[in-house]
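Taking it in order: structure first as C-alpha cells, then the write-up.
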Amino acid sequence: MPRTTDNGTEAGFAREFGQQLEKFLEDRLIRPAEAAERMGTYKQKLNGYINDQKRLTKERKIVMVRVKPESDLLFLACAKLGFIFEYGGYRIRAEKSDGTAVPQAEPRQLSFSFTGKFNLTDEQPDLALAIKRPQGRIDLSISLGAAAT
C-alpha cells in the first residue's frame with residue numbers, strides 16, 4: 001500500500017513527482033490511461049500520484065496530500081515512458097545496462113480528416129470552435145454537426 005505524506009521532504013518529493021509526471025504526459029499528449037497501460041499498471045494508481053488525495057487528520061480536518069511514489073512505479077515511468085525525474089539536485093532516469101538511455105516518448109500532434117459540407121450562413125451553424133489558452137499550450141475544441149447522407 002502506498003504511503004501518504006503530509007509533512008517534510010516526503011510531501012515535497014511526492015508533489016514534485018506528481019507535477020513532473022503530469023507535465024511529462026501532457027507535453028507528449030499521453031493520456032494517463034495510455035501511460036498506465038504502457039507501464040503495466042492501473043489508471044487509478046497512476047492518478048493517485050498525479051492528483052491530490054483527501055485525508056482526514058487526527059484533528060478531524062480534511063487535508064490534501066499526494067501519495068508517495070513506490071519505487072516500482074518510478075522505475076516503470078522511467079523505463080517504459082522515458083520519464084526523467086529531477087529533484088533536490090539529482091536526476092533519476094532509466095539507462096540500459098549497456099549504457100544507452102531509454103528514449104523518451106516524443107511529443108505528438110493529433111490529426112483528423114473530414115470530408116463534408118457545412119452551412120455556416122444559418123443562425124445555427126454546423127461548426128463550432130472553442131479556444132482556451134492555458135499556460136504553455138493552446139486547447140482547440142471543434143464540434144461538428146454534420147448529418148450523414
Side-chain angles (χ1 to χ4, degrees), residues 1-114 118 124-148:
M1 171 86 179
R3 292 186 355 207
T4 57
T5 59
D6 58 1
N7 61 11
T9 60
E10 287 187 5
F13 181 88
R15 182 161 307 284
E16 188 64 27
F17 173 78
Q19 289 172 342
Q20 286 186 36
L21 182 58
E22 181 178 31
K23 183 173 181 351
F24 176 84
L25 296 176
E26 283 179 357
D27 288 350
R28 286 155 182 79
L29 300 173
I30 301 172
R31 294 169 303 145
E34 179 186 346
E37 183 178 319
R38 287 169 58 181
M39 293 168 56
T41 189
Y42 299 100
K43 180 179 90 168
Q44 294 85 348
K45 182 175 182 177
L46 194 58
N47 281 335
Y49 299 104
I50 294 172
N51 301 305
D52 286 335
Q53 307 294 312
K54 291 181 184 179
R55 296 290 186 256
L56 189 62
T57 66
K58 294 176 186 175
E59 297 81 27
R60 298 217 179 268
K61 291 172 111 178
I62 296 177
V63 295
M64 303 302 285
V65 297
R66 288 282 169 108
V67 176
K68 182 179 175 188
E70 297 172 333
S71 59
D72 63 331
L73 186 106
L74 181 54
F75 164 75
L76 290 170
C78 294
K80 300 292 185 179
L81 303 176
F83 176 64
I84 298 171
F85 178 54
E86 294 185 22
Y87 183 76
Y90 293 93
R91 181 175 295 134
I92 301 170
R93 66 179 181 177
E95 186 177 282
K96 295 183 179 183
S97 55
D98 65 3
T100 59
V102 174
Q104 285 193 320
E106 291 295 320
R108 58 186 174 172
Q109 182 172 344
L110 302 178
S111 63
F112 69 96
S113 61
F114 176 80
F118 294 99
Q124 296 179 337
D126 293 331
L127 177 69
L129 298 173
I131 299 175
K132 295 180 184 176
R133 294 182 183 93
Q135 187 170 349
R137 69 176 196 262
I138 298 174
D139 294 337
L140 173 65
S141 174
I142 303 172
S143 299
L144 306 173

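Fair warning: this is a prediction, and the values are worked out from it, not measured in the lab. Computed from heavy atoms alone, side chains included, the values below leave out hydrogens, waters and symmetry copies. All residue numbers in this chain count up from 1 along the given sequence.
- In Glu37, the CD atom is not crowded: 12 or fewer heavy atoms of neighbouring residues, nucleotides or ligands sit closer than 6.0 Å.
- Checked against the 6.0 Å centroid threshold, Phe13 and Phe85 count as a close aromatic pair.
- Contact record, Pro69 with Ala14: CD-CA, 4.1 Å, taken as the closest heavy-atom pair.
- Rounding to the nearest 0.5 Å gives a distance of 9.5 Å between CD1 of Ile30 and CG of Leu21.
- For the pair Ile92 and Ile84, the minimum side-chain heavy-atom distance is 4.5 Å or more.
- Phe83 has its side chain within reach of Phe17: a pair of non-hydrogen atoms, C-beta onward, lies under 4.5 Å apart.
- A donor-acceptor pair under 3.5 Å is absent between the side-chain atoms of Gln20 and the main chain of Gly18, judged by distance alone.
- Here the closest non-hydrogen pair linking Gln53 and Asn47 is NE2-O, 4.0 Å.
- Side chains of Leu81 and Met39 form a contact here, defined as non-hydrogen atoms less than 4.5 Å apart.
- The minimum heavy-atom distance linking Asp52 with Arg15 is given by the pair OD1-NH1, 2.9 Å.
- Side chains of Asp72 and Thr41 form no contact here, defined as non-hydrogen atoms less than 4.5 Å apart.
- The shortest side-chain heavy-atom distance between Lys54 and Met64 falls under the 4.5 Å cut-off.
- Put simply, the side chain of Leu56 does not reach to within 4.5 Å of the side chain of Val63, judged on heavy atoms.
- Here the side chains of Glu86 and Glu16 are not in contact, with every heavy-atom distance at 4.5 Å or above.
- For the pair Arg28 and Glu34, the salt-bridge criterion is not met [side-chain N within less than 4.0 Å of a carboxylate O].
- Residues Arg38 and Leu76 fail the side-chain proximity criterion, which asks for heavy atoms closer than 4.5 Å.
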Subject >> Verdict with reasoning, Arg31 to Glu26, per salt bridge (Lys or Arg N to Asp or Glu O under 4.0 Å) >> reply: CA-CA 7 Å; Arg31 294 169 303 145; Glu26 283 179 357; over 6 Å; no
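- Leu25 approaches Pro32 most closely through the heavy-atom pair CD1-CA, 4.5 Å.
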